[in-house]
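Convention: sequence-line order gives letters A, B, ...; per-chain numbering from 1. The figures here come from the full heavy-atom set of this structure, side chains too, leaving out hydrogens, waters and symmetry mates. Because the structure is predicted, anything quoted here is derived from the model rather than measured.
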Protein chains: 2
Amino acid sequence: MRITALSGGVGGARFLRGLLDALAERRAAGAGGDAASPADEVVVIGNTADDVTLHGLRVCPDLDSVMYTLGGGADDERGWGRAGETFAVARELAAHGDPPDWFSLGDRDLATHVLRSRLLAEGAPLSAVTRRLCERWRPGVELLPMTDDRVETHVVVDAAGLPEDGSVRSPLAEGLARPGERALHFQEWWVRHHAAPAARRIAVAGARAARPGPGVLEALAGADVVLLPPSNPVVSLGAVLAVPGLREALRATTAPVVGVSPVVGGAPVRGMADACLRAVGVPTTAAAVAGLYADVLDGWLVHPSDAPADGSQGQDDPLVRAEPLLMTTPADAARIAAAALDVAETARDLDLRSRSRVGAPAAHAGLAA
Amino acid sequence: MRITALSGGVGGARFLRGLLDALAERRAAGAGGDAASPADEVVVIGNTADDVTLHGLRVCPDLDSVMYTLGGGADDERGWGRAGETFAVARELAAHGDPPDWFSLGDRDLATHVLRSRLLAEGAPLSAVTRRLCERWRPGVELLPMTDDRVETHVVVDAAGLPEDGSVRSPLAEGLARPGERALHFQEWWVRHHAAPAARRIAVAGARAARPGPGVLEALAGADVVLLPPSNPVVSLGAVLAVPGLREALRATTAPVVGVSPVVGGAPVRGMADACLRAVGVPTTAAAVAGLYADVLDGWLVHPSDAPADGSQGQDDPLVRAEPLLMTTPADAARIAAAALDVAETARDLDLRSRSRVGAPAAHAGLAA
């Protein structure tokens, strides 16, 4: 089975690890059908709009989270970065007073960025660099950056009271802020300010001019199943879908498209997605997040407490399945991924792809590109 | 007193630490004369021809040895790099199979190179970058790169049997090797091959087009004393003197120029300078090394066993003083530096600068630029 998944960082990566586990369990169980084929191929289209240049090094947090998590190198307990990490380089850079000091670059992690930055400087596109890094990590999936072009999400906030020092400068920020506003690189807003300054607008800067990375459109067109993990629906999956052609490919694919809600009971399962949803004027509910994908979605997994009342679903709504979505252990993630695959099979059996999506709302309308 | 010293790496750095100690002792003792002035200023013109780009990062081993040693951050026991060093990044790069694997970049050390590389990439000249790094290290001297231009010493050897893998590529190596030869970056020859492949030629590649760094010529012209530490006379001080204008400035200064022999009893005090001397056709003797500086030298410190027989000195030869030159402890270095300052005072009293150097040999003739 050819499965193509979009992904953000840690949440997506853990779901993907569950997916690989679920596929392995299916193969081991010898369950019939093509899902049990040993030739399962998983392609991951990773968000690169969180990427940031720190200390002159190009950091791709989401791609790295996928590589590290699937390659067995992630620190599951801390929730980000490498297992067994040390911070000697970061301490030295701090001793030099070299900003920013709010983004922890571990030594092991830094090696990834050093190698990536050199290859990029030599002219290799990010997709080729990612392939090279995956030679070491062997994540068990084909990891494709959504684009080889530079895209960096910025959050526009009220400038008052924000420190100037230690700010990340991006050429893509040009023109995003009006007088009295500041356009913060997403990482600065998220990591440094903990998403506290209210987001007036979120812009996936550079997206309009970006082209899909090599293999991305083909992976969507040629998939048997397309999955949307419980990643941040605005700055992760929303950013992926902001690359021109991506959303169209997701609409056009013949594969069922199944998503997993990142919201449980009115709160994000992980992270601070509510702050992002507020910025684009979308309530933090499973149903509202499904609305962001309304034009592409065939199936939608929600937590039991978020399951719609019987009969509340319209004929053109995606198939909604209730499944406990708290992803505490790898086994939880495998169970959720297996449920998503089940929904995809049902959607295929019901031929949900053939229904009209003409009336679907202008999804992600609040997210500027 | 304004003292200007040329310097290579660790040997030069330890001598310079001794020099600062000797000056402090003089001031503490309240010895008369301008040597005791609290306004001692030491300018160090550092060799940059050992510099190398590794993993995309610009490494300046000699400048860093001076900074770390004088700034209290050097690992005296190991003899290079930072004290308390760890190697997490290097291990990761090795796990990625990213060459070279023969140059140990410690984590703390790496922070220096990350910061330097970023500033250089942003367009700052090496002299400004070095000033920035010295803000942290406060080495107690003004550390000037010999040039802001890229200069990289290469050693031309027989190509037979040399590994291609893990070789450092430099654009400056172009055209240095004839058929059957290889031009190795100095670091590759020195660190990877331990100077074992016989050097056919040593070329300070890029030197001919290099301009002296900001302040370099002024520091030589305005000095009260110029010192040549016991650094490698070919690839360290020879490389500094290969920058057009440097040697002329050393000839033209009114300050006495005093050197310390890096050779004791026919062997280098430190490192493998004999392999470099062979390459330029110079015997490994204190007298032969003095000959490399014949056109600029007023005083020369040698180990007692290397002192010339009475009456063997010509009238135009530099003043030679015997002093135990094994630099085992910081106190040794301070004693040697104090002796060098004494010789400089004697040379000034004797007005040795005024003597003709017309007959001086074409020094460093074997070193190609």
Side-chain angles (χ1 to χ4, degrees), chain A residues 52-59 64 67-68 71-73 75 81-101 103 105-124 129-138 168-169 171, chain B residues 52-59 64 67-68 71-73 75 81-101 103 105-124 129-138 168-169 171:
Chain A
V52 62
T53 299
L54 300 168
H55 306 287
L57 301 172
R58 192 68 180 161
V59 179
D64 291 348
M67 285 194 309
Y68 296 163
D75 187 323
R82 294 287 313 280
E85 190 58 288
T86 52
F87 293 87
V89 179
R91 269 194 304 272
E92 277 301 309
L93 289 170
H96 278 287
D98 190 46
D101 58 0
F103 196 101
L105 281 179
D107 298 327
R108 296 182 175 207
D109 188 35
L110 194 107
T112 304
H113 314 319
V114 167
L115 177 51
R116 172 189 291 126
S117 301
R118 177 175 69 80
L119 296 171
L120 289 173
E122 290 174 3
V129 173
T130 304
R131 214 157 42 235
R132 169 77 174 80
L133 294 171
C134 284
E135 284 174 19
R136 186 253 166 110
W137 287 107
R138 302 180 181 284
V168 169
R169 312 279 171 202
Chain B
V52 62
T53 299
L54 300 169
H55 307 287
L57 301 173
R58 193 66 179 160
V59 180
D64 290 349
M67 284 192 313
Y68 297 163
D75 187 324
R82 294 286 313 278
E85 191 57 289
T86 53
F87 294 87
V89 180
R91 269 194 304 273
E92 277 301 309
L93 290 169
H96 276 289
D98 189 46
D101 58 1
F103 196 102
L105 281 179
D107 298 326
R108 296 182 176 206
D109 188 34
L110 194 108
T112 304
H113 314 318
V114 167
L115 176 51
R116 173 190 290 126
S117 301
R118 177 176 70 79
L119 296 171
L120 289 172
E122 288 174 4
V129 173
T130 304
R131 217 159 37 235
R132 170 77 174 78
L133 294 171
C134 284
E135 284 173 18
R136 185 255 168 109
W137 287 108
R138 303 183 181 280
V168 169
R169 312 278 170 203

Exercise for review: Would you check if there is a donor-acceptor pair between the side chains of A:R58 and A:S117 at a distance under 3.5 Å?
Suggested key: no
Review point. Highest number of heavy-atom pairs under 4.5 Å with chain A: which of B:R132, B:E92, B:E135?
Key: B:E92
Practice item. Indicate whether the side chain of B:D109 and that of B:Y68 have a donor and an acceptor atom separated by less than 3.5 Å. Key: yes
Exercise for review: With a 4.5 angstrom heavy-atom cut-off, could you sort out which part of A:A95 is near chain B: side chain, backbone, both or neither?
Suggested key: both
Revision key, fill the gap. Of all heavy-atom pairs linking B:H96 and A:R136, the shortest is ND1-CB, 3.4 Å
Review point. In terms of heavy-atom proximity below 4.5 Å to chain A, should B:R91 be classed as side chain, backbone, both, or neither?
Key: neither
Review point. So how far is it from B:R116 CZ to A:D98 CG, rounded to the nearest 0.5 Å?
Key: 13.0 Å
Point to revise | Portion of A:L133 that has a non-hydrogen atom of chain B nearer than 4.5 angstrom | key: both
